[in-house]
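Data first, discussion second: the structure below is written as structure tokens.
Convention: sequence-line order gives letters A, B, ...; per-chain numbering from 1.
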2 protein chains.
Amino acid sequence: MTDSTKSRGRGGDKRRKLAAAAAGVLHRQGVERTTLADIAHEADVPVGNVYYYFKTKDALVEAALAEHAAHLAELTGRLDRLADPRDRLKGLVEAWISQSDVAVHYGCPTGTLAVELDKREEGTLDLAAAEVIRGLLDWAESQFRALGMSDPRGLAVTLVSGYQGMSLLANALRDPKIMTDEGARLLGWLDSLTSGEDQRDG
Amino acid sequence: MTDSTKSRGRGGDKRRKLAAAAAGVLHRQGVERTTLADIAHEADVPVGNVYYYFKTKDALVEAALAEHAAHLAELTGRLDRLADPRDRLKGLVEAWISQSDVAVHYGCPTGTLAVELDKREEGTLDLAAAEVIRGLLDWAESQFRALGMSDPRGLAVTLVSGYQGMSLLANALRDPKIMTDEGARLLGWLDSLTSGEDQRDG
DNA sequence: GTCTATATAGCGATAGAC
DNA sequence: GTCTATCGCTATATAGAC
């Protein structure tokens, strides 16, 4: 229904469509409860045809993770244009708050995926989501360092941990207020931080 | 769970053994990746015999959740014997820290279960884990109220959210240091709180 | 390149022997 | 009450027609 041109060039369209569909469905239903038919249906692609683009279901999981990583990179890239690193961090929190309805319904896309993948045996994508989280931690750490904070990595962990915690709780309890309240608390915490100080008790 | 009269046989309480085995295996492997054979094997019970004690797999999931709730109740019950509510809350955080190796390997038992169950459709235990979390929030809220804090529920959410966040991150990154560092931060935060104050950033 | 039909395997659940 | 054997379903993955 989208394109009038069915296969552009090499059919990379369907591959991308499948990846986007996978990102959405896997987030909503979880990896284990999602069938290839679910993803194929969401992407408007015949079930058996999926294997022409992705050799296994795990390849689709990887593609979904890459989608989430790309979204995150786009967001941090936009925030990088802000002059003040503190404003960048606050912009990140505000982005989380603006997406709170998604978090309430399905949790953080990367966080819930990490929980699910961690239950797998070693060497089967069990640490794949960790890479995305680490990328976010690295970015936040850079901002705290630019602000002259003494323990930038620790502050980054506190920030991302705060987001993961509030997303999990809001999702489990189906309570949007947790997102707004805890989000406001994180913003206040960012404002309260002063350069070089050791204050991390927020 | 229901009756103590039902499975009080002389061959050992298999029902309880199955529930305990379910709590452990479901935590480590996740609900969807755990088969009844896994649980039966862990409990040293023949596979087909499981259905004599639990009618469905979901009944075993409920029993596992009840085990986690019981452990939590036992912990808070012990902490209730402390005179100072602040010491009770700090005791809770210290208990979390002492269990950090488990959290690093498999995450918070209730939290990861909540994430997994939330992916289900409505009416299929999708909110079962939320009840256990709510119980913990209620207990923490009582302690903050006893301390004379102005927003006891909000503080309880911040505390439990902090635990869930640090467990998720430590688990995803397989990093025990996150548990000790963030745990220490929570202890410092509890110490910094002063009665009736609105300070939640600090 | 695209899609249909099907092979194969594994799991939850049941029937029924003892 | 305890356990074995097995059914029926579903989902991943493949073979091969168009």
[X] has a side chain; which of [options] sits nearest to it?
X	options	result
B/T56	D/dA13, D/dC3, C/dA13	C/dA13
B/K14	C/dG12, D/dT2, C/dC3	D/dT2
A/P46	C/dC3, D/dT14, D/dA11	C/dC3
A/N49	C/dT2, D/dT12, C/dG12	C/dT2
B/Y53	C/dA13, D/dT2, C/dC11	D/dT2

Exercise for review: Could you tell me the separation between the CZ atom of A/F54 and the P atom of D/dA11, rounded to a whole number of Å?
Suggested key: 20 Å
Review point. Within 45 degrees of the axis of the six-membered ring of A/F54 and under 6.0 Å from its centre: does A/R15 put its NZ or CZ there?
Key: yes
Revision key, fill the gap. Of B/V47 and A/V31, the one whose nearest nucleotide on DNA chain D sits closer to the 5' end is B/V47
Review point. Has the side chain of B/K119 got a donor or acceptor atom that lies under 3.5 Å from a matching backbone atom of A/H27?
Key: yes
Point to revise | Donor-acceptor contact below 3.5 Å, side chain B/E116 vs main chain B/V31 | key: yes
Review point. Quick one: is C/dT2 close enough that its OP1 or OP2 comes under 4.0 Å of any side-chain N or O from A/Y52?
Key: no
**Study point:** Ionic contact status for A/D175 with B/R134, cut-off 4.0 Å
**Key:** no
